[in-house]
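To start, the structure itself, in structure tokens.
In each ligand, atom 1 is the first atom listed, and ligand 1 is the first ligand listed.
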Amino acid sequence: MNTKLTRLLSIKLPVVSAPMYYASTPAMAAAATGAGAFGFIAAGFTASDALVEELQTIRKALNVGSEDPVSAGVGFLGWILDMTEGSDDPRLPVVLAERPAAIWFAFGLDLGKYIAQVRAYDASRTHKTTVFVIVNSVDEALKATHEWGVDVLVVQGNEAGGHGRGDAPVLFTLLPAVLAAIPSGSIVIAAGGISTGSQIAALLTMGADGVVLGSRLLCTPECMYPESHKKVILESKFTATVRSDAFDEVNRTAYWPSGINGRAIANDIIKDAHSGLDLETRLKQYDESQANGETNRLLIWAGEGIAFVNDAKTTKDIITELYDEAISVMKKKMF
Ligand SMILES: Cc1cc2nc3c(=O)[nH]c(=O)nc-3n(C[C@H](O)[C@H](O)[C@H](O)COP(=O)(O)O)c2cc1C
Ligand SMILES: *[C@@H]1O[C@H](CO)[C@@H](O)[C@H](O)[C@H]1NC(C)=O
């Protein structure tokens, strides 16, 4: 298959594995790229030397020489960069020096500043980094395109696992709105709730240049989620997840820009919040629950697409199967 994304990244399948802090791994990213797609690792709070090691692990798995660019990317969270880039361990230049093919930014007050930093770094070398940015609205898509000049817009719908704007429309509504608003040359990929090949066929038909798989990969052997988390996901149905600030409050990660919250498994973390308990009490409940090995307050970031996740197949098998299904759906004659 040939799309603007596959041509830009020299990949075979218009599929990207999401950077997922606490979940994605170098093994997952390497498996995605190895399957002909494109893999990301998540930087989260990871220090620069450990990120370099992770990229080297991907290099080794893909048999890429230490001086060559590596066909994988690193996803940074803007609000964490705001903390680290002024510290004594600025991570962006160290990661850029490792020549990943792409960098992905999301959820910061001024991502434009970091994109400018990538462009300035690349100005003095031949390797050019592809810049991905998550957008949750048409306004963000216009800003990312016209002010920041990003290479790939990741249009993320409300059903996505992990973080996003609480007021983001669902992908089926947001994607056509963004496509109508931006210039035709822009590269747009779709994220949120994607777990089947028929969804991929539909999104490509609507005009996306590729898709992002996040939650679909949470039960793979390459995902670092503990077995306790994977078990809950495998048993989950459509009503299983909810978007809330309550998850970050107990996770002690309530530092996201205003308007951003996270989708995770709805369990007693939500019940505690809805019953009006103050934060101190909720933290105590959460900590005790973890300490006792209980499962009713596990913090499991995940999206609505987990209703389709009923197996623990490998990253490679899932990508291959979903792609084959998408092709066969698109080949069906409508007339
Ligand atoms: C466990 C988990 C962690 C995530 N961590 C990040 C992250 O570190 N950076 C980021 O930009 N997006 C993160 N996301 C969001 C993904 O980039 C992606 O947009 C989302 O997974 C797509 O929706 P889906 O999960 O329904 O496939 C995370 C998602 C999950 C499920
Ligand atoms: C935050 O959530 C992640 C994902 O479940 C978990 O690995 C981490 O231990 C949590 N941190 C705290 C302080 O609860």
Problem - Residues Thr196 and Gln199: side-chain donor-acceptor under 3.5 angstrom - result: yes

Handout entry: ligand 1 to Leu77 polar contact by distance, N or O atoms, under 3.5 Å
Key = no

Exercise for the section: Would you check whether Tyr21 has a nitrogen or oxygen atom less than 3.5 angstrom from a nitrogen or oxygen atom of ligand 1? Expected result: yes

Exercise for the section: Return a yes/no value for His163: is any of its N or O atoms, backbone included, closer than 3.5 angstrom to an N or O of ligand 1? Expected result: no

Problem - Non-hydrogen atom of Tyr225 closer than 4.0 Å to ligand 1 - result: yes

Fill in the blank from the handout: Filtering Val250, Asn251, Ile300 for the heavy atom nearest atom 12 (C) of ligand 2 leaves Asn251

Practice task
Return a yes/no value: protein heavy atom under 4.0 Å from atom 14 (O) of ligand 2?
Solution key: yes

Practice task
Using distance alone, decide if ligand 1 has a nitrogen or oxygen within less than 3.5 Å of any nitrogen or oxygen in Gly161.
Solution key: yes

Fill in the blank from the handout: Numbered in order shown, the ligand 1 atoms found under 4.0 Å of a heavy atom of Gly214 are 21 (O), 25 (O), 27 (O)

Fill in the blank from the handout: ligand 1 atoms nearer than 4.0 angstrom to some heavy atom of Met20 are 2 (C), 3 (C), 4 (C), 5 (N), 6 (C), 28 (C), 29 (C), 30 (C), 31 (C)

Problem - N or O contact, Ser215 vs ligand 1, cut-off under 3.5 Å - result: yes

Exercise for the section: Start with the C-alpha distance between Tyr255 and Ile80, add both sets of side-chain angles, then the distance that settles side-chain contact (heavy atoms from CB on, under 4.5 Å), and finish with yes or no. Expected result: CA-CA 9 Å; Tyr255 303 106; Ile80 301 183; over 6 Å; no

Problem - Flag for Arg165-Asn261: side-chain donor and acceptor within less than 3.5 Å - result: no

Handout entry: 4.0 Å heavy-atom contact, Gln290 with ligand 2
Key = no

Fill in the blank from the handout: So for Ala106 against ligand 1, with non-hydrogen atoms under 4.0 Å, the contacting part is side chain

Practice task
Using distance alone, determine whether Glu304 and ligand 1 share an N or O pair under 3.5 Å.
Solution key: no

Practice task
Just jot down the ligand 2 atoms closer than 4.0 angstrom to any heavy atom of Tyr286, in number order.
Solution key: 12 (C), 14 (O)

